[in-house]
Amino acid sequence: MQGILARGDHACVIATNTDDAWHILRQGVIIDLVFVELKLVKQDGIAFLQRVRDDWFWKTLPIVVYTYEADAKLVRKALGLKVQNYLIKPYNDQHVHAEIAKARLNPWRNQLFEEPKSFCAQMGLTPDTLAKMRRQLVTAYTEAAKVFPGWAEHRENTELFAQVDALIHDAEAAGVWAGVDYLQNLRSQAEVDNWDAFKNSADYFEYAARLIHCHLNPTHVPDCLCSEKDREEVREATERARWSHVNVDTDGPIVSAAEIEKELLALPSWPVIDTAAAGFQMAADGRAASMTAVMELASIDPGLCAQVLCAANKVEHDDMTVIEDPKAAATMLGEIKLNKLAKALPLACERHLNQTPITWANYWMFLVSVAKVSEFICRYLEFTYLAGSAFTAGLMHDLGKLVLLRLHPFGFQAIMRYAHEKRVPLHQAEKRHIDCTSRDLGVKFAEASGLPPIFTNVLRWVERPDLATEHVELVAMVSLARHVCLHNRLGHCGDTPGDSTPPIANTPAWRALQPSLFPSFDLKKFEAQAHGYCLELRKELSNRGVKTRVVAERAVA
């Protein structure tokens with residue numbers, strides 16, 4: 001049924017029992033047609049039809065019985081309850097769309113309202129005046145829902161009659177028949193002292209108020225009829241507007257550092273881009289022939305790398321030394337723990353990161369380039385023992401952006417847009433929007449999550465290696481690699497090198513490294529080879545970003 005309706009661009013809401021169906025009708029309001037199966041588990045479809053027809057509002061609601069039950073008695077009972085049609089399953093596209101067409105010929109809700117244009121002409125009203133009268137009626141019905149149930153206890157009819165008559169008058173004056181029959185019935189019940197009739201009156205008045213509201217706002221879709229996708233779109237639109245409509249130059253940060261730190265510490269673990277997480281989940285499902293794919297993914301994605309390192313270092317192991325190799329961490333965790341980890345990854349949406357000029361593809365290219373150039377520098381400067389850590393540190397040196405993307409995706413976009421349009425450094429744009437920097441977020445979360453200190457220190461000092469007090473050489477080499485990659489425009493991280501990038505000799509990273517090198521070190525040769533290596537990297541990594549169309553043949557067992 002959902003497929004048939006989707007092909008006709010209709011929305012479908014499913015209820016698996018009569019209580020849910022009743023709730024959807026009450027809250028949904030704008031449902032145009034109901035399909036009912038009579039054969040329900042421990043429930044009676046005919047009884048549900050009777051309940052609907054006994055309702056003061058749904059006497060003309062179009063209902064189609066679509067069932068496997070072909071018993072003549074059931075058919076007569078259903079037709080006696082004025083259903084639009086009685087059809088026998090299986091579902092048929094042509095029949096379904098024919099019933100929809102019937103229901104739309106004279107929509108049942110329109111029968112509860114006078115047509116505005118002709119009614120205004122008849123009553124001498126303007127459209128704005130009529131709309132105002134109907135809005136006031138929504139308020140009056142909402143208030144009646146709070147007051148009228150009390151008459152079941154108070155039983156004082158003088159004031160009640162005046163209120164009922166006033167509501168009937170206001171409804172008729174506004175050309176709204178929704179609720180008038182019900183109000184007249186309440187009046188007659190009060191006249192014979194049947195005060196129990198008022199006990200459930202709130203339900204009817206609330207429904208009448210929702211019905212009029214939807215009539216006044218034709219584009220409004222009640223929450224119970226929205227798909228999760230629809231709800232997400234509404235949430236995103238609200239959040240996007242929040243970040244886009246504030247002038248941070250005059251009004252200051254949109255969230256404070258204290259607020260964002262509280263959100264940060266509520267994160268269960270490092271965020272991972274959703275597309276990368278999907279690949280990791282498939283590789284870690286325990287059905288792979290080897291752990292190779294899992295280890296490769298963990299060593300080449302910044303979020304996954306941080307995940308497995310933090311998880312492995314929380315597990316007791318033989319000598320309890322800090323594990324700094326993501327492949328070793330994945331091996332130590334094993335299939336079961338990795339599978340559990342993969343199912344609980346906090347996700348950051350790739351589509352939220354795609355904010356010109358940055359995309360996930362070119363951001364990943366930048367991170368991997370920094371990782372590879374860090375490793376190259378280590379080997380060139382003969383710090384070979386740090387080469388593995390240098391690659392991992394380079395890959396994770398900008399983890400704070402993933403944290404910001406997870407916490408405030410539209411804040412991330414607003415910051416990138418602001419920095420690009422105002423031509424200011426990214427850290428300044430971040431301070432103006434969130435009262436701190438994404439690097440601050442990365443460092444705080446690294447400390448809270450137990451990321452190995454060697455990588456936390458790189459996160460902390462990579463932009464100011466001259467201030468580093470621990471792991472100085474590694475911090476300086478990653479910082480220098482970042483500088484070289486920015487200069488060669490390998491990928492994009494949101495920062496730009498500016499029109500003139502200082503030579504390597506003038507960088508804080510080189511000044512931090514120089515005391516560890518021989519006086520005869522040939523800097524010009526190193527600089528030339530570093531830039532040459534970047535050209536090779538560009539060719540290698542650019543192929544990863546080329547869109548390739550592949551046809552996959554599905555094997556059928």
State, yes or no, whether a side-chain contact exists between Thr67 and Lys89 at a heavy-atom distance under 4.5 Å. no
Considering only heavy atoms from C-beta outward, does the side chain of Asp165 approach that of Leu183 to under 4.5 Å? no
Between Phe205, Tyr182, Trp195, Tyr141, which is the residue that forms a ring pair (Phe, Tyr, Trp, His ring centres under 6.0 Å) with Phe148? Phe205
Between Asp440 and Lys431, is the closest basic N to carboxylate O distance under 4.0 Å? no
Could you check if a side-chain atom of Ile88 sits within less than 4.5 angstrom of a side-chain atom of Glu69, using non-hydrogen atoms only? no
Presence of salt bridge, Arg104 and Asp32, under 4.0 angstrom: no
Val64 side chain reached by Val83 side chain, heavy atoms, under 4.5 Å: no
With a 4.5 Å cut-off on side-chain heavy atoms, are Trp22 and Phe48 touching? yes
I want to check something: taking the side chain as every heavy atom from C-beta on, are Val176 and Phe119 in contact at a cut-off of under 4.5 Å? no
Would you say the ring centroid of His492 lies under 6.0 angstrom from that of Tyr363? no
Close side-chain approach of Asp398 and Cys493, heavy atoms under 4.5 Å: yes
Which residues satisfy the side-chain contact (heavy atoms from CB on, under 4.5 Å) test with Ala278, sequence neighbours excluded? none
With Cys349 as partner, the option from Thr275, Asp274, Ile273 fulfilling side-chain contact (heavy atoms from CB on, under 4.5 Å) is Asp274
In terms of ring plane angle, is the pair His97 and His10 parallel, tilted or perpendicular, where the classes change at 30° and 60°? tilted
Hey, what do you get for CG (Leu353) to CZ (Arg406), rounding to the nearest 0.5 Å? 14.5 Å
Is the distance between the ring centroids of Trp270 and Phe445 less than 6.0 Å? yes
If you take the centroid of each ring, where Trp contributes its six-membered ring, are His352 and Phe410 closer together than 6.0 Å? yes
With side chains defined as the heavy atoms from C-beta onward, is the minimum distance between Gln307 and Leu333 less than 4.5 Å? no
